[in-house]
Protein chains: 2
Amino acid sequence: MRTKDEGKESQILEAALRLITQTGLAGLKMADLAREAGVATGTVYIYFIDKTALISRLYIYLIRTAWRDLTSGVAASDPVRIQVQKIAHNYLTENIERPEIGAFFEQYYRSPFYTKADNILTEENTALQPIYDVIARGQAETVIKDVAPDLLVTLVCGMLNEAAKLSLYTGEAFTKADWEATFSVLWDGIKR
Amino acid sequence: MRTKDEGKESQILEAALRLITQTGLAGLKMADLAREAGVATGTVYIYFIDKTALISRLYIYLIRTAWRDLTSGVAASDPVRIQVQKIAHNYLTENIERPEIGAFFEQYYRSPFYTKADNILTEENTALQPIYDVIARGQAETVIKDVAPDLLVTLVCGMLNEAAKLSLYTGEAFTKADWEATFSVLWDGIKR
DNA sequence: TTTCTAAATGAATTTTTATTCACTTACCTT
DNA sequence: AAGGTAAGTGAATAAAAATTCATTTAGAAA
């Protein structure tokens with residue numbers, strides 16, 4: 001017997017991600033997807049019962065496996081400012097290098113495929129947990145403004161998301177100077 | 001002779017905007033659109049040659065007419081900080097009150113309907129011009145950081161965009177305290 | 001090797017969705 | 001009030017896209 005290739009599922013999902021980045025969910029066609037993934041249309045239906053299931057699976061796949069750990073390089077002994085800097089840098093880099101992820105979520109939440117049933121939002125927040133943690137620590141040490149953490153995280157991520165898009169849209173690299181300016185705005189904005 | 005109702009075109013466009021906010025461009029169907037607009041499907045084709053033209057027209061319509069003037073309430077004699085505050089507040093309020101606009105642009109730029117031919121991006125930037133202006137003035141007066149204006153505007157709009165979404169997603173109103181915290185982060189971030 | 005089972009294929013089919021058009025209606029002109 | 005013209009209608013049609021399935025292939029078990 002031939003066994004189901006575990007890798008083929010993610011091969012299809014990655015192809016879907018690539019296409020969605022280009023033409024949006026509105027432009028995703030199963031035939032195109034099969035071609036992009038290098039399989040026959042029927043094959044897609046061996047791995048996913050239908051298009052909805054495919055998209056939904058992609059959502060979960062991205063939440064679970066796509067994001068690199070934001071705390072990489074962060075030492076517990078680092079002062080808050082340095083931790084924020086490293087995490088923010090990781091976050092920005094990840095968004096610039098894998099823009100598909102942000103692009104997908106942006107699309108998905110407004111698509112007919114998204115239902116509140118996909119309430120793995122809890123899990124999604126897990127990715128942002130390091131940001132919440134460092135902000136909590138900063139507030140405890142009174143080096144970060146005493147503002148509702150949700151709002152603070154929102155503002156910070158908003159800045160970084162948009163900064164990542166800037167470099168994508170202009171096609172120009174995000175320079176060291178850009179990063180320094182960005183972090184300056186970010187830190188001066190949230191510090192006490 | 002019966003004359004083409006000028007108002008009906010925008011009636012259809014507004015209906016499209018409403019539906020797109022709910023289900024995304026991926027979910028927009030001409031039949032649904034006609035129902036939402038209160039006309040027959042054929043009527044839509046009197047005003048727009050096809051779906052692509054409709055979406056494209058909506059894009060132009062939004063760029064041209066949808067955004068309220070961001071400088072409302074701003075006096076030339078106001079100091080930079082106050083001008084920034086008023087403009088930022090207008091921007092945020094507009095995004096909270098008319099979330100459809102931001103939602104549409106988010107979708108559109110990644111959809112198969114968007115082509116670089118729609119390079120009225122120049123015109124779009126017009127809406128943001130007041131932000132560029134006040135930043136230029138602030139930099140000239142050395143009260144705002146000497147950072148590339150594009151980056152600064154990106155960061156500021158990013159914050160505000162995301163702040164607007166927060167109140168939409170949670171369903172909770174953006175309080176006065178939220179606004180004060182937001183402006184504090186924004187201003188401390190960009191001021192010298 | 002041979003057999004057997006499930007993966008893989010892609011043309012054919014079904015389903016969904018966009019678009020047309022023969023007809024009706026409203027309103028302007030005379 | 002009659003005639004003419006363009007807007008409006010929605011069922012019918014065309015086009016596009018999703019999904020199926022009879023058939024082929026790969027590889028595991030015997």
Side-chain angles (χ1 to χ4, degrees), chain A residues 1-59 61 104 107-108 110-115 118, chain B residues 1-59 61 104 107-108 110-115 118:
Chain A
M1 164 183 82
R2 214 166 156 194
T3 55
K4 215 187 233 181
D5 179 358
E6 175 54 40
K8 193 155 284 186
E9 180 173 328
S10 45
Q11 173 185 332
I12 294 169
L13 291 175
E14 290 285 348
L17 189 54
R18 250 175 285 134
L19 290 179
I20 290 168
T21 306
Q22 286 168 41
T23 57
L25 273 169
L28 182 69
K29 288 157 210 158
M30 298 303 265
D32 292 348
L33 169 58
R35 192 174 330 105
E36 174 78 18
V39 299
T41 53
T43 306
V44 176
Y45 288 87
I46 292 171
Y47 291 87
F48 308 95
I49 54 168
D50 60 16
K51 189 174 174 180
T52 301
L54 167 76
I55 304 286
S56 173
R57 189 75 192 73
L58 179 54
Y59 173 64
Y61 171 75
F104 175 78
Q107 296 278 311
Y108 182 70
R110 300 190 189 276
S111 77
F113 301 104
Y114 175 71
T115 60
D118 295 328
Chain B
M1 166 185 76
R2 214 166 157 193
T3 54
K4 216 186 233 179
D5 180 357
E6 174 54 39
K8 191 156 288 188
E9 181 174 327
S10 44
Q11 173 184 332
I12 294 170
L13 291 176
E14 290 286 347
L17 188 55
R18 248 175 286 134
L19 290 180
I20 289 169
T21 305
Q22 286 169 41
T23 57
L25 273 169
L28 182 69
K29 286 156 212 160
M30 298 303 266
D32 292 348
L33 170 57
R35 190 174 333 104
E36 174 78 19
V39 300
T41 53
T43 306
V44 175
Y45 287 87
I46 292 170
Y47 290 88
F48 309 96
I49 54 168
D50 61 16
K51 189 175 174 178
T52 301
L54 167 77
I55 304 285
S56 174
R57 188 77 192 72
L58 179 55
Y59 173 64
Y61 171 75
F104 175 78
Q107 296 278 311
Y108 182 69
R110 300 192 189 275
S111 78
F113 301 104
Y114 174 71
T115 60
D118 295 328

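Order of the sequence lines fixes the chain letters, A, B, ..., with proteins taken first and strands second; residue numbering starts at 1 for each chain. For clarity, every value in this text was computed on a predicted model and none was experimentally measured.
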Asker: Which nucleotide in the list C:dA8, C:dA18, D:dT9 gets nearest to the side chain of A:Lys8?
Answerer: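 The closest nucleotide is C:dA8.
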Asker: Would you confirm whether B:Ser56, through its side chain, and B:Ala53, through its main-chain N or O, come within 3.5 Å as a donor-acceptor pair?
Answerer: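 The answer is no, because no donor-acceptor pair under 3.5 Å joins these two groups.
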Asker: Working to the nearest 0.5 Å, report the span between OG1 of B:Thr43 and CD1 of B:Ile12.
Answerer: 7.0 Å
Asker: Between B:Gly42 and A:Met30, who's closer to the 5' end of DNA chain D by nearest nucleotide?
Answerer: B:Gly42
Asker: Quick check for you: among C:dT20, C:dT9, D:dT19, whose closest atom lies nearest to any side-chain atom of A:Thr43?
Answerer: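 Among C:dT20, C:dT9, D:dT19, the one nearest the side chain of A:Thr43 is C:dT9.
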Asker: For A:Val39, report the nucleic acid contact type (base, sugar-phosphate, nothing); a contact means any heavy atom under 4.0 Å.
Answerer: sugar-phosphate
Asker: Of the nucleotides D:dT19, D:dA7, D:dT9, which has the atom closest to the B:Tyr47 side chain?
Answerer: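 Shortest atom-to-atom distance from the side chain points to D:dA7.
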Asker: In whole angstrom, give the distance that lies between atom OH of B:Tyr45 and atom P of C:dA18.
Answerer: 7 Å
Asker: Could you check whether B:Leu28 gets within reach of a base, just the sugar-phosphate, or nothing at all, counting any heavy atom under 4.0 Å?
Answerer: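 The answer is sugar-phosphate, as B:Leu28 gets under 4.0 Å only of primed atoms, P, OP1 or OP2.
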Asker: Measure NZ/B:Lys51 against C1'/C:dA18 and give the value in whole Å, please.
Answerer: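 It works out to 8 Å between those atoms.
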Asker: Could you please spell out the steps behind the side chain to side chain contact (heavy atoms under 4.5 Å, CB included) verdict for B:Leu58 and B:Phe48?
Answerer: CA-CA 11 Å; B:Leu58 179 55; B:Phe48 309 96; over 6 Å; no
Asker: How close or far is atom C1' of C:dA18 from atom CZ of B:Arg35, stated in whole angstroms?
Answerer: 15 Å
Asker: Any chance the side chains of A:Tyr114 and A:Gln107 put a donor and an acceptor closer than 3.5 Å?
Answerer: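 Result is no, nothing qualifies.
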Asker: How many Å lie between CG on A:Asp32 and C1' on D:dT19, as a whole number?
Answerer: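 It is 15 Å, rounded to the nearest whole Å.
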Asker: Which one, C:dA18, C:dT19, D:dA18, comes nearest to the side chain of B:Asp50?
Answerer: C:dT19
Asker: Measure from the side chain of B:Ile46, starting at C-beta and using heavy atoms only, and say which of C:dA18, D:dA17, D:dG8 lies closest.
Answerer: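 So the nucleotide nearest the side chain must be D:dG8.
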Asker: Round to the nearest Å and state the distance from B:Gln11 atom CD to D:dA7 atom C1'.
Answerer: 13 Å
Asker: Just how far, in rounded Å, is P of C:dT9 from CG of A:Leu33?
Answerer: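 After rounding, the reported distance stands at 13 Å.
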Asker: Taking the side chain of B:Ala40 as heavy atoms from C-beta outward, which of D:dG10, D:dT19, C:dT19 is closest to it?
Answerer: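 The nucleotide sitting nearest to the side chain is D:dG10.
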Asker: For the residue pair B:Phe113 and B:Leu54, establish whether any side-chain heavy-atom pair is separated by less than 4.5 Å.
Answerer: no
Asker: What is the distance, to the nearest angstrom, from the CG atom on A:Leu19 to the P atom on D:dA18?
Answerer: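 Going from CG in A:Leu19 over to P in D:dA18 covers 12 Å.
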Asker: On DNA chain C, check which nucleotide each of B:Thr3 and B:Lys29 is closest to and give me the residue with the more 5' one.
Answerer: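 Here B:Lys29 is the residue nearer the 5' end.
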